[in-house]
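This report refers to the structure that appears directly beneath it.
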Protein chains: 2
Amino acid sequence: MEETQRIAIGALATHTGANIETIRYYERVGLLPAPARSSGGYRLYGTNHLKRLNFIRRARVLGFSLAEVRKLLTLADQRRRPCAEVRAVAAAHLEDVKGKIADLKAMERVLADTIARCEAGSGSHCPMIDALYTASSPSRWRRLAR
Amino acid sequence: MEETQRIAIGALATHTGANIETIRYYERVGLLPAPARSSGGYRLYGTNHLKRLNFIRRARVLGFSLAEVRKLLTLADQRRRPCAEVRAVAAAHLEDVKGKIADLKAMERVLADTIARCEAGSGSHCPMIDALYTASSPSRWRRLAR
DNA sequence: GCTTGAGTCTGGAGTTACTACAGACTCTAC
DNA sequence: GTAGAGTCTGTAGTAACTCCAGACTCAAGC
């Protein structure tokens, strides 16, 4: 319960793998509570900060935006954990991720195709450049990319 | 060869689907050459601008960064088109896209798993929050996410 | 007690690729 | 000549950091 160890920002950074500047940034934007300070003004972090920062980093690795992380942290902070709400945030994010995968796969296909044509090209002109300069409208390309 | 029609920025925006502000932005950062001006200072675009802007938009749809688009445009501008260099830019970008797809798929898996556990959960605590608060280090999560 | 070097502090600017104003001016049609 | 739509410039905001300068603090060694 009580927090005895207090570590400086550099140590927290090493323990979590986060950047020092990022830690200060998270404090500035209110994701990480302001820690205690030494007499000289150094930030002194306890285990709660360590846990919270790890939470943030794990959520970020999973692609949650800081706004989503904020929401998740708020939900996590409530002692009675509203699992349904957490699930809703995660599910919305999952849909987002799926959409991005679909978009990237479409891009991958077009890129791979064009590069392949490039490789087979005779050399007088570049199929990649041609494809980009071609008169078909970007909206058609966007359709293609879904 | 000669350009007779000259259209205002709004018309160019409608023709390409680009935003007016974006067109001015592309000019500011040097992707689109500064067009002629009317006596009152309005920008007047010709067909070359139209083609170039479409090129940029198609490349952006395929996920090329503006830096990459710049490189592609430079290569396209050379009369003798260095197909190999174009292919290199595109291939590098394709690798990037593939990497992002892999990352997102890993995210998708972890998210879907955790949400599934969430659905099956008894209700006393949230598996999603637990997973994020779990003591395993973010670097392990990152490994997981490849 | 003093010095040294590493660590930390704040505030501000830079990054990417736009987007969104405000307030002034221009163009076209009636 | 005037109304209303279009355009102009310049600045600031967005996400999520990252980097920097110049000042200060801390711990260790002598």
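Every heavy atom of this structure was used, including side-chain atoms; hydrogens, water molecules and symmetry mates were not. Lettering of chains follows the sequences in order, A, B, ..., and the numbering in each one begins at 1.
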Between [X] and [N], does any side-chain N or O lie under 4.0 Å from OP1 or OP2?
{"X": "A:R43", "N": "C:dT10", "result": "yes"}
{"X": "A:S38", "N": "D:dC26", "result": "yes"}
{"X": "A:T22", "N": "D:dT18", "result": "yes"}
{"X": "A:R28", "N": "C:dC9", "result": "no"}
{"X": "B:R24", "N": "D:dC8", "result": "yes"}

Is [X] salt-bridged to [Y], going by a charged N under 4.0 Å from an acidic O?
{"X": "B:D77", "Y": "B:R52", "value": "yes"}
{"X": "B:K100", "Y": "B:D96", "value": "yes"}
{"X": "B:R43", "Y": "B:E27", "value": "yes"}

Checklist entry - Contact class for B:Y26 (heavy atom, under 4.0 Å): base, sugar-phosphate, or nothing? => result sugar-phosphate
Could you tell me the separation between the [atom1] atom of [X] and the [atom2] atom of [N], rounded to a whole number of Å?
{"X": "B:E27", "N": "D:dG10", "atom1": "CD", "atom2": "P", "answer": "12 Å"}
{"X": "A:I23", "N": "D:dT18", "atom1": "CD1", "atom2": "P", "answer": "11 Å"}
{"X": "B:R70", "N": "C:dC18", "atom1": "CZ", "atom2": "C1'", "answer": "14 Å"}
{"X": "B:L44", "N": "C:dT26", "atom1": "CG", "atom2": "C1'", "answer": "12 Å"}
{"X": "A:E21", "N": "C:dT8", "atom1": "CD", "atom2": "C1'", "answer": "10 Å"}
{"X": "B:Y25", "N": "D:dT11", "atom1": "OH", "atom2": "P", "answer": "17 Å"}
{"X": "A:Y42", "N": "C:dA6", "atom1": "OH", "atom2": "P", "answer": "13 Å"}
{"X": "A:R57", "N": "D:dC17", "atom1": "CZ", "atom2": "C1'", "answer": "13 Å"}

Checking contacts here: which listed nucleotide ([options]) is nearest the side-chain heavy atoms of [X]?
{"X": "A:S65", "options": "D:dA16, C:dC18, D:dC8", "answer": "D:dA16"}
{"X": "A:A8", "options": "C:dT8, C:dC9, D:dC8", "answer": "C:dT8"}
{"X": "A:R60", "options": "D:dT7, D:dA16, C:dT8", "answer": "D:dA16"}
{"X": "B:L66", "options": "C:dT19, C:dA17, C:dC27", "answer": "C:dA17"}

Item to check | First encountered from the 5' end of DNA chain D, between A:N19 and A:G40 | outcome: A:N19
Item to check | Joint hydrophobic cluster, A:L31 plus A:L50, side-chain heavy atoms closer than 4.5 Å | outcome: yes
Next on the checklist: If hydrophobic clusters are built by linking Ile, Leu, Val, Met, Phe, Trp and Tyr wherever their side-chain heavy atoms come under 4.5 Å apart, do B:L44 and B:L32 end up in the same one?
Outcome noted: no
